[in-house]
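The structure appears below as C-alpha cells.
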2 protein chains.
Amino acid sequence: MKEKRKNTNTEEKILAAAKKVFIAKGMAGARMQDIADEMGMNKALLHYYFKTKEQLFEVIFKETIGKFIPKLKALLIADISLEDKIKFFCNEYIQMAQDNPYLPLFILNELNKQPAQFIDKIFSGELPDLNKFTFQLEQEIKAKRIKPISPVQLLMNMMSMCIFPFIAKPMFNAVLGLDELQFRLTMEQRKKDIPKFILDSIKK
Amino acid sequence: MKEKRKNTNTEEKILAAAKKVFIAKGMAGARMQDIADEMGMNKALLHYYFKTKEQLFEVIFKETIGKFIPKLKALLIADISLEDKIKFFCNEYIQMAQDNPYLPLFILNELNKQPAQFIDKIFSGELPDLNKFTFQLEQEIKAKRIKPISPVQLLMNMMSMCIFPFIAKPMFNAVLGLDELQFRLTMEQRKKDIPKFILDSIKK
DNA sequence: GTCTATAACTCGATAGAC
DNA sequence: GTCTATCGAGTTATAGAC
C-alpha cells in the first residue's frame with residue numbers, strides 16, 4: 001500500500017518534470033539528467049519507471065496531443081456559425097502553442113520524418129472531417145455573404161498565421177525587435193486579430 | 001597539379017554530400033558518418049578538408065542562405081508601392097521554398113537551437129531595416145487607403161502564409177486530400193492568392 | 001523504491017600507415 | 001590525399017547495494 005502510493009507519486013513527479021524539460025528542450029535536446037535534476041532525484045529512477053527515454057517521451061506526447069486533436073476535430077464539425085468557428089479555431093490553436101511552446105516544431109519535425117505513420121498516430125487513424133466546414137463555407141459564398149475562397153486556401157491561411165509565429169519566434173523577436181513579453185502580448189492580441197484579418201478579407 | 005585538381009574535386013564532393021545530409025537531418029542530427037557514406041568515402045577525410053563538423057556546416061550554410069537573405073533585405077527598402085512590395089515578397093518567398101523544399105524547416109530548427117548566433121549568421125550581423133516598410137504602411141493608413149494594422153502583425157501574417165504550408169506539407173496533403181501535383185499547384189496559386197487575401201483584408 | 005557506480009554505446013576527432 | 005584503427009567526451013541504460 002505504502003509502496004503503491006509512493007510509486008504513483010514518483011511517477012507523477014517524473015512526468016511533470018519530464019514534460020517541463022521536453023517542452024523546453026525538445027526530445028533530442030533533453031537530457032535524462034536534466035529531468036532527474038528538475039525533480040530532485042536521480043537518473044536511474046527514471047529508467048525504473050520508464051524503461052527508455054523514448055518511452056517516457058511517448059507518454060508525455062500522447063497525453064499532450066491527445067487532448068488537443070479531438071478538440072479540433074470536434075470544432076470543425078460543431079454546430080456553430082462559420083465566423084465563430086474561425087474565432088474559436090484561432091483561439092484554441094494559439095492557446096495550445098502558448099501552453100506548449102516546443103510542441104509545434106517537434107510535431108513538424110516528426111511529421112516530415114515519417115509522414116504516414118505520424119499522421120496515423122496523431123489523428124488516431126481518423127482524419128478530421130472537413131465536409132461540414134466546406135459545406136458551411138459554400139453556403140456563405142452562395143448567400144453572397146463572403147467572397148469565393150476555397151476551403152484549402154482558407155484553412156492554410158488560418159493555421160499558418162496561428163502557428164508559424166511560434167516556430168519562427170526567435171526570428172520575429174530579432175527582426176521586429178520584440179522581447180519575450182511583447183511577443184506574448186502580440187500572440188495574445190493575435191487571438192482576436194487573426195479572425196478579424198481573415199473576416200475582413202473574405203466578408204463582402 | 002594533379003593533387004590540386006583532386007583536392008578540389010573531393011572538396012566539392014564533400015560539400016555536395018554534406019549539404020544533402022545537413023538539410024535533411026539538421027546540424028545536430030547529421031552524422032559525419034552519414035556524410036562520408038553519402039559520398040562513398042571515409043570520415044577521416046572530412047576532417048582533413050574541414051577541421052570540424054561545425055566548420056563544414058558553416059560553409060554549407062553560408063552558401064545556401066547567403067543568396068536569399070540579401071534579396072529580401074533589398075525588397076523591404078525598395079522604392080516601390082506597398083502593394084507591389086507585398087506581391088513581390090510573397091512571390092520571392094514561395095519561389096524560394098519551391099526551389100528548396102527542405103530549407104525552411106532546416107532553418108527553423110537551427111534558429112530555435114541557437115537563436116542569437118543563428119540570427120547573427122543569417123543576417124550577417126545586420127538586421128533588415130523595417131523603417132521604410134513601416135513608414136510606407138503608416139502613410140497608406142494616414143491617407144485612409146488601408147485600415148490600421150501594425151507592421152508586426154502584417155509581416156507575421158505574410159511570412160506565415162507563404163512559408164508554413166511547405167513545412168506542414170504532409171499534414172495538409174493528408175487532411176486536405178491533396179497529392180503532390182495538387183500541392184504544387186496550390187502553392188503556385190498562392191503566389192497570387194496571398195497578396196490578394198492580404199490586400200482584401202487591409203484595403204478600405 | 002531509491003541510490004551510487006559503472007557498463008555500453010554514440011559520435012566527433014586524431015594518429016599513423018600507405 | 002586517403003585509409004584503418006582508436007581515443008575520449010558525453011549520454012543512455014543497467015547492476016547491485018541499501
Sequence neighbours left out, what pairs pass ring pair (Phe, Tyr, Trp, His ring centres under 6.0 Å) with at least one residue falling in residues 10-41 of chain A?
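Checked against ring pair (Phe, Tyr, Trp, His ring centres under 6.0 Å) - neighbours excluded - the pairs reaching residues 10-41 of chain A are A:F22-A:F57.
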Can you name the side-chain contact (heavy atoms from CB on, under 4.5 Å) partners of [X], sequence neighbours left out?
X: A:P128; value: A:K73, A:L76, A:F123, B:V175
X: A:D179; value: A:L181, A:Q182
X: A:Q189; value: A:D193, B:Q153
X: A:D34; value: A:V21, A:K25, A:R31

Which nucleotide sits closest to the side chain of [X]: [options]?
X: A:K53; options: D:dC3, D:dT12, C:dG12; result: D:dT12
X: B:L45; options: C:dA13, D:dC3, D:dT12; result: D:dC3
X: A:N42; options: C:dT6, C:dT14, C:dC3; result: C:dC3

Contact residues, residues 31-40 of chain A to DNA chain D [heavy atom, < 4.0 Å]:
A:R31, A:M32
Sequence neighbours excluded - salt bridge (Lys or Arg N to Asp or Glu O under 4.0 Å) pairs with any residue from [range]:
range: residues 101-112 of chain A; value: A:E110-A:K113
range: residues 124-138 of chain A; value: A:D79-A:K132
range: residues 48-69 of chain B; value: B:E58-B:K121

Between its two end axes (five pairs each) the helix from C:dG1-D:dC18 to C:dC18-D:dG1 turns, nearest 10 degrees, through 20°
Using nucleotides 15-18 of chain D, report all nitrogen or oxygen pairs with the protein that are shorter than 3.5 Å.
none

So, using side-chain hydrogen bond (donor to acceptor under 3.5 Å, both in side chains) as the criterion, who are the partners of A:D120 when residues are at least two apart?
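side-chain hydrogen bond (donor to acceptor under 3.5 Å, both in side chains) list for A:D120, sorted by chain: empty.
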